[in-house]
Amino acid sequence: VQLQASGGGLVQAGGSLRLSCAASGGTFSSYSMGWFRQAPGKERAFVAAISRSGGGTWYTDSVKGRFTISRDNAKSTVYLQMNNLKPEESAVYYCAADTNLRINTQNYAYWGQGTQVTVSS
């Protein structure tokens, strides 16, 4: 499966962005999906995950209550709604897919190319 992330950009602190990740070349509903981010000089880190049906969602503690992961299996797309963004959350955001449910691990089989999110103070 191929993944294409989009929706990044420049936003002020406290603002919102919605990232999208469009999948192609596979049966989207067969994949659990995840979002990760990598800030300059730091390791890539787990942000959120969603089960194949969308019935289960998981988040890293720092984004709970502000970020929402969702998916539209008819459109083969997963989303990450990010509210009340903080400057320290500036990073390249990646989406990932795997046939198994993966939570808080980078052991995903497929990765998108990343989209830059910059949060100004």
Side-chain angles (χ1 to χ4, degrees):
V1 64
Q2 292 79 46
L3 304 174
Q4 180 74 37
S6 62
L10 174 63
V11 64
Q12 289 187 334
S16 299
L17 281 175
R18 188 176 82 154
L19 306 183
S20 299
C21 175
S24 60
T27 302
F28 183 69
S29 59
S30 298
Y31 297 94
S32 294
M33 302 296 296
W35 283 100
F36 294 77
R37 62 190 178 190
Q38 186 169 21
K42 295 187 177 181
E43 295 185 353
R44 189 166 55 191
F46 170 81
V47 175
I50 189 166
S51 62
R52 288 184 290 267
S53 68
T57 58
W58 296 264
Y59 301 91
T60 192
D61 286 346
S62 64
V63 308
K64 288 179 180 177
R66 298 186 298 117
F67 288 16
T68 303
I69 187 171
S70 62
R71 66 190 294 161
D72 185 335
N73 284 348
K75 295 183 178 180
S76 299
T77 302
V78 63
Y79 305 97
L80 185 67
Q81 177 67 43
M82 306 185 294
N83 298 329
N84 192 19
L85 281 160
K86 304 175 182 180
E88 58 265 34
E89 294 179 313
S90 296
V92 177
Y93 283 70
Y94 298 89
C95 57
D98 199 278
T99 53
N100 295 306
L101 180 62
R102 307 288 188 187
I103 302 169
N104 201 23
T105 172
Q106 299 198 34
N107 193 20
Y108 279 75
Y110 306 98
W111 291 84
Q113 88 290 358
T115 185
Q116 176 71 48
V117 172
T118 302
V119 185
S120 64
S121 57

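The residues of the chain are indexed from 1 along the displayed sequence.
To the nearest 0.5 angstrom, D98 atom CG is 7.5 Å from S32 atom OG. Interatomic distance, OG of S121 versus NZ of K86, reported as 14.0 Å (0.5 Å rounding). Taken to the nearest 0.5 Å, the CD atom of Q116 stands 10.5 Å off from the CD atom of Q38. Taking OG1 from T115 and CZ from R37, the interatomic distance works out to 14.0 Å, rounded to the nearest 0.5 Å. Note that the CG atom of N73 and the CZ atom of R52 stand 10.5 Å from one another [nearest 0.5 Å]. For the atom pair OH of Y79 and CZ of R18, the computed distance is 5.0 Å after rounding to the nearest 0.5 Å.
Ring pair F46/W58: centre-to-centre distance not below 6.0 Å.
In terms of heavy-atom proximity, S16 sits nearest to Q81 at CB-NE2, 3.9 Å. When all heavy atoms of G114 and V92 are compared, the pair lying nearest together is CA-CG1, 3.8 Å.
Side-chain contact between S90 and T118: present, with at least one pair of heavy atoms (C-beta onward) separated by less than 4.5 Å.
When hydrophobic residues (I, L, V, M, F, W, Y) are linked wherever their side-chain heavy atoms come within less than 4.5 Å, the members clustered with Y93 are V1, L3, V11, L17, L19, F28, Y31, M33, W35, V47, I50, Y59, V63, F67, I69, V78, L80, M82, L85, Y110, V117, V119.
Although no hydrogens or angles enter the test, the distance criterion places no donor-acceptor pair under 3.5 Å between the side chain of R102 and the main chain of Y108.
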* To do: Take Q106 and Y94 through the side-chain contact (heavy atoms from CB on, under 4.5 Å) test and state the conclusion after the steps.
  => CA-CA 11 Å; Q106 299 198 34; Y94 298 89; over 6 Å; no
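K64 NZ: more than 12 foreign heavy atoms inside a 6.0 Å radius.
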